[in-house]
Amino acid sequence: MTDTALMNQIAARRDDLIALTQGLIRIPTLNPPGLNYREICEYLAARLRASGFAVELIRAHGAPADSDRHPRWNLVARHSGTRPGDCVHFNSHHDVVEVGHGWTMDPFGGELRDGRIYGRGACDMKGGLATSIIAAEAFIAAHPDYAGAIEISATADEESGGYGGVAYLAEQGYFNPDRVQHVIIPEPLNKDRICLGHRGVWWAEIETHGRIAHGSMPFLGDSAIRHMGAVLEEIERYLYPLLAGKHTAMPVVPEGARSSTLNINSIHGGAAEQDVDYTGLPAPCVADRCRIVLDRRFLIEEDLTEVKAEVTNMLEKIRAERPNFSYEIRELFSVQPTMTDRDAPVVRTVQAAIETVLATPAQFVVSPGTYDQKHIDRIGKLHNCIAYGPGILDLAHQPDEWVGVDDMMDSARVMALTLSALLLPKGSP
Ligand SMILES: [Zn+2]
């Protein structure tokens, strides 16, 4: 590490990094429903204004879940250097998922114990957000004469799809490649790993139809559940083996996700379930409706049209063979897979910084599920984007979630060296 001035600036901020992470954890930004979004944006705004950033608070008016009771607030802060150059943007989501059971620590206490900070969102991803702020502030202090700009954003609703956060900002032009050239999302992928992108998603609901009749004379009706049984049988017999045979060159972790996958999220058929305090018997009826929800994750080598056709062709085949089979299919949601090129500038730069700081080769991974990169890629048309940040992904959404202070410090060094490489003219320290 040659940039001693920069590394000293990082080292001097250890206590500040801890305090900032704790401060963020202590604002419970639970989603759903989306609590305290304005409070966390104002907390960050005060901090970043004091560090010389120009700050905007942006409400995602009209986005899904935005309401006067639970407004979707986002923060975008920009610091400009002394000369024109590229803009490096760090994007973190400020929302956290529900607490759940099994905690031994206060989920919103931000307690520091044995080098770990505990709390809901510690690793996913308030630790990463704090790390990027410390890295930027240290870089600006060491190199106030840099070229270009640094942006920090804290955005809403990543945990529920990102429509009131990054998607909204991308629609407003905040991720236009004319404005921002490099994006780092400090999700908890571990300090030595670069996440290049994610697999695709297709959700669909299939409904089979029948005819209601008395349960003692089922031959007078037509059971939608039996029709769905035929669908499930075909999924087992035909679809699962087909998907298991598809492999990707994407470095997805865990390795089981390097094939196409399908989860049947739910199944509902026949009479609605009664309240738990209902003490009577069910009524005897033939089910006239049955529904399943499919969660299909697909690979960059697959085409969404082909993914849909596999399912609709299967259903048509059943219709051709099975008397009285009728169905509907409704698409609920889809996301294209994305993977940033390994030679993209932000990838090469962060890779070199990891190798300098940690003296170990950087690893490249792809996420099995999606995150906000999807909106930056698709709406923003900005493809020079990765996820890189401190924390252990497996701890996300778990009880006693924590982030390690040493890991955050190392990641801050990597982020700060990345800023040096992208924003300092070649040859300067
Ligand atoms: Zn996250």
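Atoms considered below: every heavy atom in the structure, side chains included; atoms not considered: hydrogens, waters and symmetry mates. Both ligands and their constituent atoms are indexed starting at 1 by order of listing.
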### Query
Is there an N/O/S atom in Glu159 that lies less than 2.8 Å from the Zn ion (ligand 1)?
no
### Message
Given 3.5 Å as the limit, does a donor-acceptor pair link the side chain of Glu401 with the main chain of Cys123, or not?
### Response
yes
### Query
Side chain of Gln181, backbone of Pro177: donor and acceptor closer than 3.5 Å?
yes
### Query
Would Tyr37 and Trp73 count as a close aromatic pair, with their ring centres under 6.0 Å?
no
### Query
Is the Zn ion (ligand 1) under 2.8 Å from any N, O or S atom of Glu158?
no
### Message
How large, to 10°, is the angle at the Zn ion (ligand 1) when you draw lines to OD1 on Asp124 and to OE1 on Glu187?
### Response
100°
### Query
Centres of the Tyr174 and His89 rings: under 6.0 Å?
no
